[in-house]
Amino acid sequence: MDTIYLDNNATTQVAEEVFADMKPYFTEYYGNPSSMHTFGGQVGRKLTEARNRCASLIGCDPSEITFTSGGTESDNWAIRGILAATPNRRKIITSRVEHPAVLTMSRSMAPHGYNVVEIDVDENGRLDIDQLEKEVDEDTALVTIMWANNETGTIFPVEKIAETAHNSGAVFHTDAVQAVGKIPVDMAESKIDLLSVSGHKLHGPKGIGFLYVRKGVMLRPFIKGGHQESGRRAGTENTAGIIGLGKACQLAEQNIEKENTEVKRLRDKLEAGLLEKCPHAFVNGDSENRLPNTTSISFEYIEGEAILLMLDKYGICASSGSACTSGSLEPSHVLRAMGVPFTAAHGSIRFSLSIYNNENEIDKVIEVMPPVIKRLRELSPFGRRQK
Amino acid sequence: MWDYAEKVKEHFLNPRNVGEVENPDGVGEVGSLACGDALKLTFKLDDEGKIEDVKFQTFGCASAIASSSALTELIKGKTLEEAESITNRDIADFLGGLPDEKMHCSVMGKEALEAAIENYRTGETVTHEMEGDVVCTCFGITDHEIEEVVRDNNLETVEQVTNYCKAGGGCGGCTGEIEKIIQRVRGEKKESGEQKPKRPKNLTNIQKIQLIQEIINEQVRPSLKADGGDLDLIDVVGDDVIVAFRGMCANCKMAELTLTDVVQAKLREYVSEDINVYEKK
């Protein structure tokens, strides 16, 4: 049975070209780029090439990129680094629907005397801009709001948010882990100060990412030690990972149009097919401003884990915002923040596509899914009442 | 993905006894959409008072559906008294075990059964969650429910309580109260475990035999049954008690030790110091 992988917001397959580029740097060219000898130096040149490729994808200067271990480290560093650099400001503004890498770190600063404000979203997952504008003030050190939500795909107006932050002298960071590689990003034309990227979300390897730091933005180091990454992030470089990330960024730049045409078309087909064939189902998120690869659909009166397990029988991989998949007991904090009713929040399924999906796979899901939903509703006391 | 036993997956994919019994004798409904799982159980009794037909409808995850299916298989053909003795652990054991975090699914099965039997006996629809004071407002769990899962499953921590009945799994504001309930229940348990009953004096023969039978039933048989064995009281002659081992115990090489160190010791502790126990082969 072939696997139909529609969980690309969780992680992506490493592109063959990426793996091919990385492979020699595990076995043949394993020198330390900081070494003085030629064996290490040749690795350093490859790192420079990778940095250039990353910079090209987001339209920035290569010196503005610092490699990290991934999205979580980039997010954590941005928050801690800015707060350390601006000790006189004691307010952090974020949103209720952030990734835990941002939410947990922000909340952890409250016991240290910081005022952590989480901005609301509406029923479509759109940020309450009025509330944001009221909250940003002279005490705000950092505004950290994601570019696109990982569960619903809703895209936030980051340029407008950056402008709001700057009006009060605050720094703006965006967790762009889900956005980069899926929608065009150009830092040269942007007001964003800091931006987090993760390799494994764009067909690169896991354990590598970068933080973009605009020139002139004061940011204290998070990991201290050696002089790597111009003293901004210590530790011997994950050379194969960085090379893989560079290649992944190069491929993402080439494929960005395909993401917004072909992948979007398949996503729309999947969404329309499921909504047509499954009653009591609806899409979570902004229909206008949404990542081209993502759809979160709630199937009322049934539970997400049960749906996923039945789909697994057919080799279909997706994700659920239900509580039972995670071991927690509350459904997704994103759906709860959007006010999605319990009747639907427990039965939400996220499909996230990539350029490696094809029409046949989407047809198969549209064929398999409706009877699965019907079967689970037959088992459900609430499902039966809705007939 | 959860590491489910094969039997859990089997009962999830092919659940037994799905639906609603027509003109049921008992109906039990527990859980809610807000909680993320709910179960409706309906049953009908035959002329002998045994559960002839039982069906379920479940809103929930694979564990909840499998637990409901297992429950119906466990109680079919049983009298209500027999069905009542089934615990949530019996449901989990029937399925080859459940992940700790999913034990609340088996508890939901037990609660639905209790509610259905209550409905049969009183004609009233029992709202299980409303018995006692609500401790966990996120999931509407009462102190009675928490006490019950702590007692039935010998739970020691708040995390375990959350796994078994969800209480404390939302905002976490009730964890202090849950901790107090655990201490209270376990304190009572410890106390009652440490209290040795006084041996009654001046028993008549009938009272003595009844007490011996009671001690065997409550203090001895459960541990033997857990190992696949059993024991019957055959006769009582003065201070001589004659018993017979059954099942795995009948051929057990340790039977002699069990006879003196368990059966005789318990009867001497609770009935009379003079008791001697003999096995009828």
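Please read these numbers as outputs of a predicted model, since none were measured by experiment. All values below come from the heavy atoms of this structure, side chains included, with hydrogens, waters and symmetry mates left out. Chain identifiers are assigned alphabetically (A, B, ...) following the order of the sequence lines, protein sequences preceding nucleic acid strands; residue numbering begins at 1 within each chain.
- For the pair A/E305 (side chain) and B/A62 (backbone), a donor-acceptor distance under 3.5 Å is present.
- Counting heavy atoms from C-beta on, the side chains of A/L379 and B/T58 never come closer than 4.5 Å.
- Taking a 6.0 Å sphere around CG of B/N14, one finds it holds more than 12 heavy atoms contributed by other residues, nucleotides or ligands.
- Within 6.0 Å of CD on B/E22 lie no more than 12 heavy atoms contributed by other residues, nucleotides or ligands.
- More than 12 heavy atoms of other residues, nucleotides or ligands sit less than 6.0 Å from atom NZ of B/K7.
- In A/R80, the CZ atom is not crowded: 12 or fewer heavy atoms of neighbouring residues, nucleotides or ligands sit closer than 6.0 Å.
- Rounding to the nearest 0.5 Å places CD1 of A/I307 at 12.0 Å from SG of B/C61.
- One distance of note links CZ of B/F59 with CG of A/L376; it measures 10.5 Å at 0.5 Å rounding.
- Residue B/K50 places its NZ atom among 12 or fewer non-hydrogen atoms of other residues, nucleotides or ligands, all under 6.0 Å distant.
- What you find for B/L13 and A/M310 is that their closest heavy atoms are CD2-CG, 4.3 Å.
- Atom CD of B/Q160 sits in a crowded spot, with more than 12 heavy atoms from other residues, nucleotides or ligands closer than 6.0 Å.
- Contact record, A/A306 with B/G60: CB-O, 3.6 Å, taken as the closest heavy-atom pair.
- Among all heavy-atom pairs drawn from B/Q57 and A/S380, the shortest one is CB-C, 4.2 Å.
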